[in-house]
Amino acid sequence: MHTATIINGKEVAAQLRRDIAGMVRARAEQGRMCPGLAVILVGEDAASKVYVRSKIKACEEAGFLSRSFRLAADTSQQVLLALIDELNEDPQIHGILVQLPLPDHMHVPAVVERIVPAKDVDGFHPYNLGRLAAKSPILRPCTPYGCMRLLDAYGISPMGKNAVIVGASNIVGRPAALELLLRGATVTVCHVKTRDLQAELARADIVLVAIGSPGFIKAEWLKPGATVIDVGINRLASGKLVGDVDFESARDKVAAITPVPGGVGPMTIACLLQNTLEACEALDVAQAS
Ligand SMILES: NC(=O)C1=CN([C@@H]2O[C@H](COP(=O)(O)OP(=O)(O)OC[C@H]3O[C@@H](n4cnc5c(N)ncnc54)[C@H](OP(=O)(O)O)[C@@H]3O)[C@@H](O)[C@H]2O)C=CC1
Ligand SMILES: Nc1nc(=O)c2c([nH]1)NC[C@@H]1CN(c3ccc(C(=O)N[C@@H](CCC(=O)O)C(=O)O)cc3)C=[N+]21
Ligand SMILES: [Mg+2]
């Protein structure tokens, strides 16, 4: 029976992290400063704590400086904004990440827009999103960028293909559409109000799913030979992590698919390091001149 190529994000991410660590060592030998990342976590979301821990571990392994800030769930937005102002001015910090979601009393756009675009290593600031939309990206959202790097690593070109994205969030679906458009795909973005999702999927050569619904996408809906990028991360009551695609049935139908875990997730973290290194290099050059 046919079975798909399993796209190994863990391996591609590990290679990218080794390359980044090498570049940080080379900078150190030239007496240049190491990249510094500040991670801010507001509240006690259990999943967020896990991600923040793995981001900090990845920073340490790559030779970055990392600083983490834990704020109580009832912290005022004003206090968070003041911390961002401080980090914006801190010459040792090149990247600032505010873990989402934030508590309901905070206004996400106000918080994201307070970060200077040059340190917005999540790529969520309207300036950075606008640059991506206008075909001249600088810092780009880590998860969609990580997905593109996975396609590159497996020699899968989006050029001229029908790409269907399921999910239209600011952090994944929308920027993923811009990334795929930049790479020459014909892009369709589906969401809750889409009338006929199955009809859209039936034409899709590349499917990128980010909805947060375990196993929602069925193998029968996929075109034989498609490439499937599953961004979803869902923890079942059993503790098992699964994606948004029914992986076991899909793997017998498609050409290539990312697993969960071990697919897109590790690439998000590697791209965060990549963005922080790039932000460091750009700020370094700006300071020198
Ligand atoms: N691997 C990684 O690095 C990352 C993984 N994730 C994971 O990706 C998933 C999505 O995250 P995120 O983008 O933040 O989620 P959001 O909840 O912010 O957005 C979900 C999007 O999916 C759409 N949607 C939800 N259900 C359906 C459905 N049944 N059919 C069609 N569209 C649907 C929503 O539509 P509408 O807009 O109409 O409501 C919305 O646009 C989660 O599992 C999250 O954990 C997220 C970030 C990084
Ligand atoms: N400002 C901000 N930036 C983000 O990039 C951001 C965020 N907020 N909020 C939450 C989402 C989610 N996210 C993940 C990153 C790595 C894994 C990851 O490494 N996953 C591993 C498994 C991890 C596990 O075992 O739990 C994997 O898929 O193999 C998952 C999810 C980043 N996000
Ligand atoms: Mg979300």
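For ligands, and for the atoms within them, numbers begin at 1 and follow the listed sequence. Computed from a prediction, not measured in an experiment: that's the story for all the values here.
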* Asked: Under 3.5 Å, is there a donor-acceptor pair linking the side chains of Glu278 and Gln274?
  ->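 Per modelled atom types, Glu278 and Gln274 side chains form a pair under 3.5 Å.
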
Between the side chains of Arg27 and Gln30, does any donor sit under 3.5 Å from an acceptor?
->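 No, because no side-chain N or O of Arg27 sits under 3.5 Å from a partner of the opposite role on Gln30.
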
Problem - Lys240 NZ: over 12 foreign heavy atoms closer than 6.0 Å - result: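 Check fails, neighbour count at 12 or below.
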
(message) With a sphere of 6.0 Å drawn around CG of Asp196, does it hold more than 12 non-hydrogen atoms of other residues, nucleotides or ligands?
(response)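 Counting neighbours around CG of Asp196, more than 12 heavy atoms of other residues, nucleotides or ligands fall under 6.0 Å, so yes.
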
In the protein, what heavy atom is nearest to [atom], and what distance, to one decimal place, separates them?
atom: atom 31 (C) of ligand 2; answer: Tyr51 CE2, 3.3 Å
atom: atom 10 (C) of ligand 2; answer: Gln99 NE2, 3.3 Å
atom: atom 8 (N) of ligand 2; answer: Leu100 N, 3.1 Å
atom: atom 1 (N) of ligand 2; answer: Asp122 OD2, 2.7 Å

With a cut-off of 4.0 Å, which atoms of ligand 2 are near a heavy atom of [X]?
X: Arg235; result: 26 (O)
X: Leu241; result: 22 (C), 24 (C), 25 (O), 26 (O)
X: Pro266; result: 19 (O), 27 (C), 28 (O), 29 (O)
X: Ile233; result: 20 (N), 28 (O), 30 (C), 31 (C)
X: Ile269; result: 16 (C), 19 (O)
X: Gly262; result: 27 (C), 28 (O), 29 (O)
X: Lys55; result: 3 (N), 4 (C), 5 (O), 6 (C)

Could you list which atoms of ligand 1 come closer than 4.0 Å to a heavy atom of [X]?
X: His191; answer: 31 (C), 32 (N), 35 (O), 38 (O)
X: Phe216; answer: 29 (N)
X: Gly265; answer: 1 (N), 3 (O)
X: Gly212; answer: 9 (C), 10 (C), 42 (C), 43 (O)
X: Thr268; answer: 2 (C), 3 (O)
X: Ala168; answer: 21 (C), 40 (C), 41 (O)

Using distance alone, decide if ligand 1 has a nitrogen or oxygen within less than 3.5 Å of any nitrogen or oxygen in Ile233.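 N/O-N/O distance below 3.5 Å exists for this pair.
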
Is the closest N or O pair between Asp244 and ligand 1 shorter than 3.5 Å?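 No, Asp244 has no N/O under 3.5 Å of an N/O on ligand 1.
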
How many angstroms lie between [atom1] in [X] and [atom2] in [Y], if you round to the nearest 0.5 Å?
X: Leu197; Y: Ile217; atom1: CG; atom2: CD1; result: 5.0 Å
X: Leu102; Y: Thr75; atom1: CG; atom2: OG1; result: 10.5 Å
X: Ile84; Y: Phe69; atom1: CD1; atom2: CZ; result: 11.0 Å
X: Leu16; Y: Ile269; atom1: CG; atom2: CD1; result: 12.0 Å

Check: Is a salt bridge present between Glu61 and Lys57, judged by a nitrogen-to-oxygen distance below 4.0 Å?
Finding: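 Salt bridge present between Glu61 and Lys57.
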
Worksheet item: Is Asp246 paired with Lys253 through a side-chain N to carboxylate O contact shorter than 4.0 Å?
Response: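 Not counted as a salt bridge, because no side-chain N and carboxylate O are separated by less than 4.0 Å.
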
Set out, in order, the CA-CA distance, both residues' side-chain angles and the distance that settles side chain to side chain contact (heavy atoms under 4.5 Å, CB included) for Phe124 and Leu100, then state yes or no.
CA-CA 11 Å; Phe124 295 165; Leu100 300 179; 3.8 Å; yes

CA sep, side-chain torsions, deciding dist, call: Arg174, Leu129, side chain to side chain contact (heavy atoms under 4.5 Å, CB included): CA-CA 10 Å; Arg174 280 164 203 262; Leu129 287 173; over 6 Å; no

Open item on the list: For a side chain to side chain contact (heavy atoms under 4.5 Å, CB included) check, start with the C-alpha distance between Lys119 and Leu87, then their side-chain angles and the critical distance, and finish with the verdict.
Closed with: CA-CA 9 Å; Lys119 296 191 181 186; Leu87 295 167; 6.0 Å; no

Donor-acceptor contact below 3.5 Å, side chain [X] vs main chain [Y]:
X: Tyr145; Y: Leu139; value: no
X: Arg140; Y: Asn128; value: no
X: Arg131; Y: Ser136; value: yes

Would you say [X] and ligand 2 have an N/O pair spaced under 3.5 Å apart?
X: Thr143; value: no
X: Thr268; value: no
X: Phe124; value: no

Does the pair Thr5 and Tyr154 meet the rule for a side chain to side chain contact (heavy atoms under 4.5 Å, CB included), with working shown?
-> CA-CA 9 Å; Thr5 298; Tyr154 281 79; 3.9 Å; yes

Please state which option from [options] has its nearest heavy atom closest to [atom].
atom: atom 23 (C) of ligand 1; options: Gly167, Pro261, Ser213; result: Gly167
atom: atom 38 (O) of ligand 1; options: Val172, Val192, Val166; result: Val192
atom: atom 16 (C) of ligand 2; options: Gly9, Cys271, Gly265; result: Gly265

Under 4.0 Å, heavy-atom basis, I'd like to know which part of Val231 is in contact with ligand 1: side chain, backbone, both or neither.
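Both backbone and side chain.
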
Worksheet item: Is it the side chain, the backbone, both or neither of Ile211 that has a heavy atom closer than 4.0 Å to ligand 1?
Response: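 Both backbone and side chain.
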
- request: Report yes or no: does a heavy atom of Ala210 sit under 4.0 Å from some atom of ligand 1?
  value: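 The answer is yes: ligand 1 sits under 4.0 Å from a heavy atom of Ala210.
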
For Val98 and ligand 2, answer yes if some heavy atom of the residue is under 4.0 Å from a ligand atom, otherwise no.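 Flag set, Val98 near ligand 2.
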
